There are 2 protein chains.
Amino acid sequence: MATIDDVAKAAGVSKGTVSSVFSKKRPISRPVTERVLEVAKGLGYYPSHVARSLAIKKTMIAGLKMPISKDSVMSGFEIQMINGVIREFSKQGYRLLLDTLPEHDDQTQFSIDPVDGVIMLNPRKQDPRIERYNQMGIPLVLIGRPDPIEEKISYVDNDNRHLSLQVGQYLINHGHTAILFLNSSADMTVAIDREHGLAEAFKQSGRSYDRVHVMNYSRRKHSNPTDYGYVSLKSIYEPNRFTAIITDTDRVALGVMRAARELGLDIPGELSLIALSNDATLAQEMTPALTSVELSAEMLGTEAAKILVEKMKDVDIVEQKIIEAKLVIRDSCRLL
Amino acid sequence: MATIDDVAKAAGVSKGTVSSVFSKKRPISRPVTERVLEVAKGLGYYPSHVARSLAIKKTMIAGLKMPISKDSVMSGFEIQMINGVIREFSKQGYRLLLDTLPEHDDQTQFSIDPVDGVIMLNPRKQDPRIERYNQMGIPLVLIGRPDPIEEKISYVDNDNRHLSLQVGQYLINHGHTAILFLNSSADMTVAIDREHGLAEAFKQSGRSYDRVHVMNYSRRKHSNPTDYGYVSLKSIYEPNRFTAIITDTDRVALGVMRAARELGLDIPGELSLIALSNDATLAQEMTPALTSVELSAEMLGTEAAKILVEKMKDVDIVEQKIIEAKLVIRDSCRLL
DNA sequence: GAAAATCATTAAACCGGTTTAATGATTTTC
DNA sequence: GAAAATCATTAAACCGGTTTAATGATTTTC
């Protein structure tokens, strides 16, 4: 590979001049510029991003730290969110370093990544990485809230508790109190938040929570989300046990619909159905169209990216943003 | 930020020693190692990935060059493929630099990215980037074939022509020759390949291609793929005009099914339906289950990544791989 | 037309690591 | 117990850019 020195020598100028021709930070006379460019082309010279980054302490790369599990696929929610992150950074001229590698806990393994800032997905409790980025002086924005919540940490999040509180209120107002809740995996914080929200709705309205049955998705028991919905309803259904089902996602609802069809249950006639997210954007396409919450996963991503871009200009900026979810009424719930 | 020099000074050793403690490339005695680590922790020192990369000429980052259009979302196919790339690189210890920025054609704007190799999605005709990466000495693997095809270029691809040839044969063998083909956008090479494949099937069997009607997806006319399927069937349907429909994706087929339901058409009784891909993995979930081609998008990604990993060890390796697509017969086609 | 001002270019230091050859201390050998 | 071998550490060069202060050439000023 040709380096800046090779070009300088061949063009009979100093490396500073070659540097200025490529970076355009200082004007270089027309004839010199042309000669340097000519020589560079002849030698197949391209400036090294790494060397440049070292000198200017800037990479125009943003990091996205995201765990990836070996056996499970990315959820529709994650995909949409990443999409939002990518789009916003792309618009702002940043590239994205996707880091899915697991953390080691060996001090010698950490290093300051070639990024100007980082978005971190789903921080863990007392996440040590947060303090580490702080020490490194790397701007950080979380997607999902830190635990414990701290004032100086920027993040964007959904309010899952509030969202399922709303759904609970909606169902209760429509006369449903015997509800099957097909929640997500028990180990996810969203699952806990959503369960609390639903319980809260019952508490506020003074109804008994006894006829609410909560199940959790389990990778061992269900081959995929649709299967989760299908199998759950098939196995647990008894006439008059439930009047409504809440599902984690639209895909789960799709499975529920198939099971209902096989059981001869009309939706929404005999069973109301509502999904807490519409990640695969299937709700509109089902028959009947599925009443669902729109989580705005993509917006979560773009907002996080926007905040990070601001922070990369001024580290002291702190912003915490809750993205509102909206309940979209379609045709799968009825008034009892 | 503390640097290696700060640590060396504070620990009373040379920077070479500090370097060895962190890189472990040379043994350093126990007491010295501990002292250095202690001091480093106190100073909040973390090695700079950029400086290290410059010295060792290696980043353990792989690049993914992928165009992103402002108005359209990533397709299910792209998402799955990227997923495959990410998973494989993650497994092999690489991180991914996702580059969605548009190309400039200014010589001074190119630079050697901080990557050890690159995967490039959908190369254009005579793509100048291919030669550029070659000059830079950066290993390259394409997803999609280069035009013109060259022996020294590594790539993975589907054989879209062959795949729709197979689908055509299957339909013809089942007595279908009046076919509506809801193809993808006219400007995509896959669309062209698939149309050729279908025509080929008719030619081979000696049937007339006259009753085949091809339509193309258009972002202006259709709000989303499902809408494309729905609107197209609704607007074009006349009794006995077609006995079968081929759709680009499972989502398009979903729209077709909804339109068919509204038109009172039984699938597969009065209309057979087949999809050329199952990106959203909806085929299994439809009623009736949709006969579809499985493109193995994720495998395309993992294979590309595997080849790149090999090339990053030995630049001279060249591999060209066609990922076979499989036609999966489910319940949406019938024998006439 | 000499002095002052402007302009283009350069030499050298710097960014923060790694690596090679040399050095000095310690251990082994006989 | 001196010579040889081994071991741990260091000084200095290097990776390939950017930037600052200095220099020499050119233009402007009066």
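Throughout, a chain's letter reflects where its sequence line sits, starting with A, and its residues are numbered from 1. Computed from a predicted structure; not experimentally measured.
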Answer with base, sugar-phosphate or nothing: what part of the nucleic acid does [X] contact at a heavy-atom distance below 4.0 Å?
| X | answer |
| --- | --- |
| A:Val13 | sugar-phosphate |
| A:Lys25 | sugar-phosphate |
| A:Val32 | sugar-phosphate |
| B:Ser29 | sugar-phosphate |
| A:Leu54 | base |
| B:Lys57 | sugar-phosphate |
| A:Ser48 | sugar-phosphate |

Close side-chain approach of A:Ile307 to A:Gln320, heavy-atom, < 4.5 Å: no
Heavy-atom check, side chain of B:Ile119 versus side chain of B:Phe89, under 4.5 Å: yes
B:Lys24 atom NZ, neighbour heavy-atom count above 12 within 6.0 Å: yes
More than 12 heavy atoms from other groups under 6.0 Å of CD on B:Glu34: yes
Positional range of nucleotides in DNA chain D within the contact set of chain A, heavy-atom, under 4.0 Å: D:dG16 to D:dT20
Runs of at least three Watson-Crick or G-U pairs with DNA chain D, cut-off 3.5 Å: C:1-30 with D:1-30
Where B:Gly44 and A:Gln135 come nearest, the two heavy atoms and their spacing: CA-OE1, 3.5 Å
Within residues 1-10 of chain B: residues closer than 4.0 Å to DNA chain D (heavy atoms): none
Short N-O contact, B:Arg124 and B:Glu103, less than 4.0 angstrom: no
Derivation and outcome, salt bridge (charged side-chain N to carboxylate O under 4.0 Å, His left out), residues A:Lys65 and A:Asp127: CA-CA 13 Å; A:Lys65 271 231 167 273; A:Asp127 206 312; over 6 Å; no
Using only atom types and a distance under 3.5 Å, with no angle test, would you say the side chain of [X] pairs donor to acceptor with the backbone of [Y]?
| X | Y | answer |
| --- | --- | --- |
| A:Ser185 | A:Met188 | no |
| A:Asp116 | A:Ala62 | no |
| B:Thr33 | B:Ile28 | yes |

A:Thr17 and A:Ser20: CA distance, side-chain angles, deciding distance, side-chain hydrogen bond (donor to acceptor under 3.5 Å, both in side chains) verdict: CA-CA 5 Å; A:Thr17 301; A:Ser20 302; over 6 Å; no
Whichever of A:Arg26 and A:Val50 has its nearest DNA chain D nucleotide further upstream toward 5': A:Val50
